[in-house]
Each structure stands twice: as C-alpha cells, then as structure tokens.
S.K.: 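The structure is given below, and queries will be raised subsequently.
Basis for what follows: all heavy atoms, side chains included, without hydrogens, waters or symmetry-related copies. The sequence lines fix the lettering, A, B, ..., with proteins before strands; numbering per chain opens at 1.
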Amino acid sequence: MTEANENADSIKRNFELITNELSKVIVGQTRLIQQILICLLCGGHALIEGVPGLGKTLIVKSLGQVLNLKYSRIQFTPDLMPADILGTNIVNQDEAGNRYFEFYKGPIFGQIILADEINRATPKTQSALLEAMQEEEVTVFGTKYPLEPPFIVLATQNPLEMEGTYPLPEAQIDRFFFKLKINYPTPDQLFEIIDKTTEDYQPNLSHTVDTDSILQLKKLVRKVPIASHVKDYAIRLVLASHPNDKYPIQKTQKYVRYGASPRGVQSLVMAGKVTALLEGRYNASLDDIRTVAKPALRHRIILNLRGDAEGIDVDDIIEDILNGVPEKVHS
Amino acid sequence: MSTDQSFLAHISKLRRIIVKRSISHCLVTTCSFSLILITIALGIEKIGLFLWYGYSIYPFLVLIAFASSVLYTLRTKKAFLDELIGIDIRLDLKERLSTAYEYHQRGRRSLFVDLLIKDTTHVLGMIKASQIFPTQFSPAHILVPVFATVMIVLLAVDFSPTAHKQDGSWESLTQIGIKIERYSKKEIQGGKKRDKRSPNDLYQKMEKIAKELKNQSTTKERLLKSLGELRKEAGIERTLLAQKLHNELSLGDTSNTPMLNALKKEKINPNELNQVKEELKGLFGGEVPASISQEISDLNQSLQLEQFLGETESQVRSALKEEDGFLLLDEKKQAVKGKDDKEMDKIILSGQALASLQSSRLGDERSTSPTPGKAKTGSEGEEKRGKPVNDDQAFTAGKGQSDGKKKSPYALKGSKRPALKDKGVSGPGERYNVHVRSLPTIGKAKIEEEEIIRPYRQEIEDVLKKEDIPLHYREYIKSYFLSIGLREEEDTNDRSQ
C-alpha cells in the first residue's frame, strides 16, 4: 500500500473514529461534525448559527478533546476589548528587581477557538479576532506572535436576539470558510439527549487523532485531483449567484444584491476535495461540490431589501441555483 | 499489465464503442433522411407537382441523405472527454473516469492520481459494454417506421389530381413526347448537316410540344390542336413544294408527262414521288439537276414529316381513347375545321400562293448571297444605310423597326390563315420587302379590285360634284326615302307574318 493510499484511507478512518468518539456526548449532528472537520482540514473557520441550547459549545469543546487540540472559549460581550482576546503586555519584575514587559497571551492562542456570540462584541473587537483568523498570527505592540497550527475559529451567533448586537460586516463574514447551521434535534435524538444528560452518565473522550496527523492530512487535501468540468461547474454555481449573470436564476435576480466572492469558489473546490476523501474517493466530483454548496455559499450571498423583507432563506436560493445550473455545458 | 496499460486498454475499448455507436447513429440517420426525402419526392410525384423521369432520382436522394447524415454526425459528435463525462454521469462514477483520463492525458501526476487511475480501471473492469451505452430510441429511430409507413401508403395509393387520374395516359403521352423530340432533333441536326440552313420552324414547334409533354404543362386539347396545326402546316409545305416542282418541271421539256400529273395531285404518296424521281433520272440521262434533286428530297422529307405527325396524332388520340366525351368534342371541332382547311388548301394551290413561296425562297437565298439587279430584303436595305441589322428583323413588314421577334403566323393578331410571304414590289431607290400577313378569301377573281372600284368611285364623285338637288330639299328627300324604306320594311314584316 502506498503512502498516498494510506493517507487517503486514514482520512476516512479518522473521520469515522472522530464521529464515533463524539457520538458519546453529541447526539446526531454528524453532518455538522463533518463540516467542521472539512473546515479544519481546509484551514478555514466556521460561523455556526443556531438557537441557544443546541450543543454548539459542547460540540466544539468535545472536538478539541478528541482532536487533542488546545481549546479556548471567548464569550463575546459588548465590553470585550481586543486585548481580552489577543493578550497584552504586562509589567513583570525579575529576581534582581528589574522590571520588564512580558506578553500575556490571550485566549486566541489556542488551536480550536470557540468565539461564542461573536456578534455581541464591538466591531473593533471582532476585527481583532478576524485578523488573527486571516493571518494566523497576532501583532501586539509591533511584535508578531504566530498562532499554533492547526488553528480553527468556530464562531457562533444567535439568529433570534438581534437587539444590542453588532452584525458582522459582509467583508468579515466572507472570511469564514463555512457558515453552518445547527438544526433542531429530532424526537429520537431528544430522547437520547435526555438519557445522556439527566442520568448518571459520564463519558470519557479519548484522543483519536494527534496534531501531526491533522497537519499531514491538511497538506494532502490540495493534492486531490479535480476534473476541469467539475471546476467549471463550481465556477458556474458561483456566477449563478450573481443577479447579473449570463445564466441568471429567477430567485437570484429577484432577491440577491451581491453574489458569492471568489473565496466562494475556493471554498467549494477545497471542501469538495475533502468531502471526496472523507467518502473514500480520490477525486472531487460534482456531487461533492453540490454537497458543500450551501455551507460554502450561504453567508456569501447578500440579499436585497426585497429578499430581507420577504424573509427569503438563502438556502432556497442556493437550492434553485443547484437545480438551475447544468452539470455540463457542451462546447 | 501495469495499471496505466490496463487503463489505456479500457479507454481504447471505450473509443471503439463510441466509434461504432457513431457509425450506427449515422446509418440510422441516413435511413431516416433517405426515407424523408424519398417520401417527399414520391409525394410530389403522386400529387402531380413534378414528374421524376425514371428512378434515377432515388439513389441520388439516398446519396444526399448519406452526405447530410455524415455531416450531421460529425457536427453533433462530442469530444471524447465529453463522452467520458456523460458515462460518469450516467453510471454515477463520481467523475472518476473523466478525471482519471484528463490527468492521464495531461501527465499531471499527484499522490492521488495513480490511486484514481487504479480505482477507475477497477470500476471499468466491472462495467459491461452494454451498460456504458444503453440502447436508446432517438428521434431518428422513431422517424424510420413513421416515414416507411407514409412511403408505403404513398406507393399504394394514387393521390394524383382528377385531371391526371381521369386519362391515366400521361405515361404514354410522355413517351410520345420523347418520340417527337427525337424525331425533331434528328431532323434539325440532319438539316444543319445538309445545307447549313437554320432549322425549320416546324421542328422547333415539334420540340416545343415534346417539352410541354415532358413537363405535362399542356392540356389534351392544346396538344391535339398543336399537333393538328403542325400536320396542316406540314401538308401546306408539302403541297407548295409539289406545286413548285410541278411548275419548274412544266417549264422545261417535261411537259405533259405522267409524273406531272402525280405532282398535280392534292397529295402525292412516297411511291409516286419515287416514280417521279426515276422518270426524271431517265429524262436527264441519269443526272438530275441538283436544284431539282434538292426539291425532291425536301418534298420527301415533308411527306415523311406529315406522315409522322399524322401517326403521332392518332397515337395521342388512342392514348386518350378512354375519354370518349373529350374525343367526341375534339372530333366535332376537327370536322368544323376541316372546311376551313380545304378552303385554305385551295388558296394555297392558287398561283399567287406559289409565287409567294417562290419569292420567299428567293428572298432567303438573297439574304445569304445578294445578287445585283434583283430586289433585296428590308434588312439588306438597312445594311446599305450603314445600320446594324438583326437577321430576325428581315421578317418585319415595312420600314419601321420591329420588336425583333419572329412571329408564328397564328400568333399574329387577327390572322386566321398561315402567313404568306411576299417579297414586295421593287421600286426605284430604296427597296422594301413587304409581307402580307394574311389574305382574305379571294375566290377565283382574276380582275384586280382596283380596276373595278375605280370607275365606280369616279361616277360617285361626278354625281356629288353636280349638286342637282337644292340644298333645302335634301332633308325632305331623305325623309321621303326613309319613310318609303320603313314602309316597305313594315310591309315585308306584315306579309311574313
């Protein structure tokens, strides 16, 4: 068995191990876990949207434990300052009595960061986090401090409570690789949640994957082959999200103000590649692109006033795009 | 066998399948196109829009269909990669095949490419050829039985319009047309070879009739009428030629010989003509003068033509035999026309007609080799004045410019008889060639009309000059005579009642 074969197989195997391990504490949400792993392997960050109490924090915390990553949680509030996230220089004194500045690392210096209710912080604080996300390093008083790889930020936001919040600007939302939605559990899942949380059940999560393995897998992802027509399909999907595209979709024309940015295509292709590996294949397919289209594009399509007023769900627009864009355009 | 070789073997197999499929598609399309074209052609023929002569059109249509379907197949042929994408989608191979082929072709190797090619080879090995391109009914497949049925229906049922259906004789008429065409062409070519003269109008008319028969652009009435007229014209020409020959021979030492009597007859038969020829040979000691020999030959040709036209006319009549009503009507018309023809023959037999013929012949000869001291045609006069002359205009009467068209005697407005050409009366100075287009019935009058009219006219003029009646009496006298006339008319009416 070749090295590539081993690595490709290990991705699928590891994914199964992680899912099994997390299922000890998380009921359902397999899809969400898969999408978070895709983000991790692609080196992206995810914005998780869901009503309170659906287990967002638990998922992230548990994932940190399973992946053996340094977990940090930042609870965003309006009075949270950038230094509270990044860290600050404090005055310290050595044994000889000499005073000096010492950098005190903030919670951003973790590997898996849960930015809880990110939209409650001021834009200044938000931007401090987003810079770290983009650059994977922090600059404090002119000194750069690299963040330890793998670095992933999982930001959450509550879609219901909008009062006293600072919605993320479009440019900053675009930096998230995926926007994930947590669905309400099914009755069966709720049954299981009751059993696991109200009885004497204390699961012990074990480390299934080490950091080196994750970093190695991250490198492999970029080597997954993808056919030209699959790339073309991804491009056409992104272009179709624009209201002025040459192959316009009815809903796009009607409700969309801005379509997905080029980061959308990058997300589609990279996520498609990881999806293929997670399914045990060696090439990205059209189905892989379709699978990741919603999380990759939903936060990149900006609705117009009419769309907002009519309460249009961006997922419906993406669904229309997926149905409307042909898989292959014959030359 | 390495993975790459195995993969390429599968790809070659796919290529072969695709080529076979393209050929099969091309053949089905050819079949469909052929059926469509043949059905259309058959339909056109059946409804009588156009008649394809023979079956040569059908192989030609198949050829067109084949060429079109080859072009269509080449034009709609997908690229090989597109075919592979199609297979991927159809068999849900998750783009394995197309991705593996693309990376293999481009030589872009990565850690996963080898694995992908191996995986694809394995998958291809499990797929049967029939699964790769399942049989599908294309529109071309459906068109084949549809048009085949339509074609069979067209072959079985006669959709021709009533006019064609009633007589059912166009086939034989077409054959007659071909026969006429052959005859006229042969004669025209023969005539050209013999004396380099322009082809006779009669043969041109025959060609026209043959063409009309071919295209079925004539009616039965018109066809019979045209044939009848042609036959009559041929008869007239034959009579004129016989008369001319008779006159020429009667001028010489051959007067009162039995052959002259034969030429005098209304219709000389070929045997009699041969006898005349033999007699002349004897008379001229074996060497008949060239001019007389030519005239005999012309007369013989004319006789043959008349005979041919007569036979053709009877063939047409027998072809149209089924339509009794039509033939009865036609025969009545023929009977009425018969009278006129006899009258015409009488006119032609008169010396004046003969003179016209002679003069026209002379005119023709002069136009090719002008002789000094003799009358010249109008066109020659034009030439003298230095104007460019069209030969066709020589048939125009008078000095004025014609429209340059030769007109058939029957085509001339108001003309009821065949035209007789007259070279006209030569006078001093400019000479004109006058053609009398038609002549009234002359009868057997031998005195010039002018000679009779002149004294009467003189008398009337004298009476008018005398003015014996007073002016104020004129009205009174007029009224008187009118009243007498009326009374007489009334009396006549009363008596008749």
S.K.: Please name the pair of heavy atoms, one in A:Asp287 and one in B:Glu95, separated by the smallest distance, quoted to 0.1 Å.
M.R.: N-OE1, 4.5 Å

S.K.: What residues of residues 97-106 of chain B sit under 4.5 Å from chain A when only non-hydrogen atoms are counted?
M.R.: B:Ser98, B:Thr99, B:Glu102, B:Tyr103, B:Arg106

S.K.: Only one of B:Leu115, B:Ile117, B:Val113 forms a side-chain contact (heavy atoms from CB on, under 4.5 Å) with A:Pro225, so which one is it?
M.R.: B:Val113

S.K.: Using heavy-atom distances under 4.5 Å, tell me whether A:Lys273 contacts chain B through its side chain, its backbone, both, or neither.
M.R.: neither

S.K.: How would you list, by chain and number, every residue that makes a side-chain contact (heavy atoms from CB on, under 4.5 Å) with A:Asp174, sequence neighbours excluded?
M.R.: A:Ser261, A:Arg263, A:Arg300

S.K.: Measure B:Asp114 against the heavy atoms of chain A and call it side chain, backbone, both or neither at under 4.5 Å.
M.R.: neither

S.K.: Would you say the side chain of A:Leu286 lies within less than 4.5 Å of the side chain of B:Asp88, judging by non-hydrogen atoms?
M.R.: no

S.K.: Name all pairs fulfilling the side-chain hydrogen bond (donor to acceptor under 3.5 Å, both in side chains) condition that reach into residues 28-41 of chain A, sequence neighbours left out, sorted by first residue then second.
M.R.: none

S.K.: Report which part of A:Val224 has an atom under 4.5 Å of a heavy atom belonging to chain B: side chain, backbone, both, or neither.
M.R.: both

S.K.: With chain A as the partner, which of B:Asp92, B:Ile89, B:Asp119, B:Leu116 has the greatest number of non-hydrogen pairs under 4.5 Å?
M.R.: B:Leu116

S.K.: Got a sec, which residues hit side-chain contact (heavy atoms from CB on, under 4.5 Å) with B:Lys13, two or more places apart in sequence or on another chain?
M.R.: B:Arg16, B:Ile17

S.K.: Going from NE2 on A:His229 to CG on B:Leu81, what distance comes out if it is rounded to the nearest 0.5 angstrom?
M.R.: 7.5 Å

S.K.: Around B:Phe80, counting heavy atoms of other residues, nucleotides and ligands shown, do more than 12 lie under 6.0 Å from its CZ?
M.R.: yes

S.K.: With a 4.5 angstrom heavy-atom cut-off, which part of B:Leu93 approaches chain A: side chain, backbone, both or neither?
M.R.: neither

S.K.: Less than 4.5 Å apart, any side-chain heavy atom of A:Leu277 and any of B:Phe112?
M.R.: yes

S.K.: Tell me whether A:Lys218 at atom NZ has more than 12 heavy atoms from other residues, nucleotides or ligands lying less than 6.0 Å away.
M.R.: yes

S.K.: Just wondering, more than 12 heavy atoms not from A:Lys181 lying within 6.0 Å of its NZ?
M.R.: yes

